[in-house]
Amino acid sequence: QVQPVESGGGLAQAGGSLRLSCAASGRTFSSLAMGWFRQAPGKERDFVAAISRSGLRTTYADSVKGRFTISRDNAKNTVDLQMDNLKFEDTAVYFCAARSAGYYAIYTGVVEYDYWGQGTQVTVPS
């Protein structure tokens with residue numbers, strides 16, 4: 001069993017930055033592919049960014065490409081999401097997700113992940 005726990009959400013002005021972190025316990029972290037998703041009120045949970053277990057592959061949703069950066073530290077069992085140039089439309093609850101994976105595998109679908117955190121709120125006022 002894997003338990004991701006997110007931290008770092010909060011309030012940021014448009015154009016500002018926030019850094020989310022996710023700590024995953026319960027299994028060797030380096031065996032897990034990780035992803036970030038977000039869900040705005042009344043909307044479906046959407047893919048934001050993902051990183052392979054090796055850290056060598058990353059991918060992003062078009063809406064955040066060039067503004068968000070996903071990274072991981074397998075020694076610290078953490079995956080981070082650096083969010084720059086925030087926009088109102090980035091307001092959502094952000095979820096960290098994990099699954100066992102091959103070395104270069106990367107996943108972008110909600111149904112592809114087995115373990116989810118409780119989420120952390122990010123609010124960018126209009």
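Note that this is a predicted model, so its numbers are computed, not measured.
- By the 4.5 Å heavy-atom criterion applied to side chains, Val122 and Leu18 are counted as neighbours.
- Taking Ala61 as the reference, Phe47, Ser63, Val64 meet the side chain to side chain contact (heavy atoms under 4.5 Å, CB included) condition, with sequence neighbours excluded.
- Residues satisfying the ring pair (Phe, Tyr, Trp, His ring centres under 6.0 Å) criterion with Phe29, sequence neighbours excluded, are absent altogether.
- Across all their heavy atoms, Ala50 and Ile106 have their closest contact at O-CD1, 3.6 Å.
- Contacts classified as side chain to side chain donor-acceptor pair (under 3.5 Å) and involving residues 103-116 (residues at least two apart or in different chains) are not found.
- Looking at heavy atoms from C-beta onward, Ser17 lies in side-chain contact with Gln82 at the 4.5 angstrom threshold.
- Scanning both residues, Ser100 and Leu32, for their nearest heavy atoms gives N-CD2, 3.9 Å.
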Applying side-chain contact (heavy atoms from CB on, under 4.5 Å), run through Val93 and Thr120 and close with a yes or a no. CA-CA 5 Å; Val93 177; Thr120 186; 5.9 Å; no
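- Residue pairs meeting the salt bridge (charged side-chain N to carboxylate O under 4.0 Å, His left out) criterion with at least one partner in residues 88-103, sequence neighbours excluded, are Arg38-Asp90, Arg67-Asp90.
- Residues Gln39 and Ala92 share a closest heavy-atom pair of O-CB, 3.5 Å.
- Here the straight-line distance linking atom SG of Cys22 with atom CZ of Arg72 works out to 10.0 Å at 0.5 Å rounding.
- Checked against side chain to side chain donor-acceptor pair (under 3.5 Å), Gln121 has the following partners two or more places apart in sequence or in another chain: Thr123.
- Under the 4.5 Å side-chain heavy-atom criterion for ILVMFWY residues, a single connected hydrophobic cluster contains both Val124 and Leu81.
- Partners of Asn77 by side chain to side chain donor-acceptor pair (under 3.5 Å), not counting sequence neighbours: none found.
- Contact of the Val79 side chain with the Trp36 side chain is registered, since non-hydrogen atoms from C-beta on lie closer than 4.5 Å.
- Contacts of Thr91 classified as side chain to side chain donor-acceptor pair (under 3.5 Å), with partners at least two apart in sequence or in another chain: none.
- Within the structure, ring-ring contact (aromatic ring centres under 6.0 Å, His included) pairs that include any residue of residues 49-83 do not occur (at least two apart or interchain).
- When the side chain to side chain donor-acceptor pair (under 3.5 Å) test is applied to Thr58, no partner is found at least two apart in sequence or on another chain.
- A salt bridge (charged side-chain N to carboxylate O under 4.0 Å, His left out) check over residues 41-56, counting only residues at least two apart or in different chains, returns nothing.
- Met83 and Phe95 sit in two unconnected hydrophobic clusters of ILVMFWY residues. Membership requires side-chain heavy atoms under 4.5 Å apart, directly or through other members.
- When all heavy atoms of Glu6 and Gly119 are compared, the closest pair comes out as OE1-N, 2.9 Å.
- When all heavy atoms are compared, the tightest approach of Ala12 to Leu86 is CB-CD1, 3.7 Å.
- Listed by first and then second residue, the disulfide bond (SG atoms under 2.5 Å apart) pairs that reach into residues 45-78 come to none, sequence neighbours excluded.
- Judged as a salt bridge (charged side-chain N to carboxylate O under 4.0 Å, His left out), the pairs with a partner in residues 76-87 (not counting sequence neighbours) are, in order, Arg19-Asp80.
- Taking both residues in full, the closest heavy atoms of Met34 and Ala24 are given as CE-CB, 4.3 Å, listed atom of the first, atom of the second, then distance.
- In the model, Ser54 has a side-chain atom that pairs as donor or acceptor with a side-chain atom of Ser52 under 3.5 Å.
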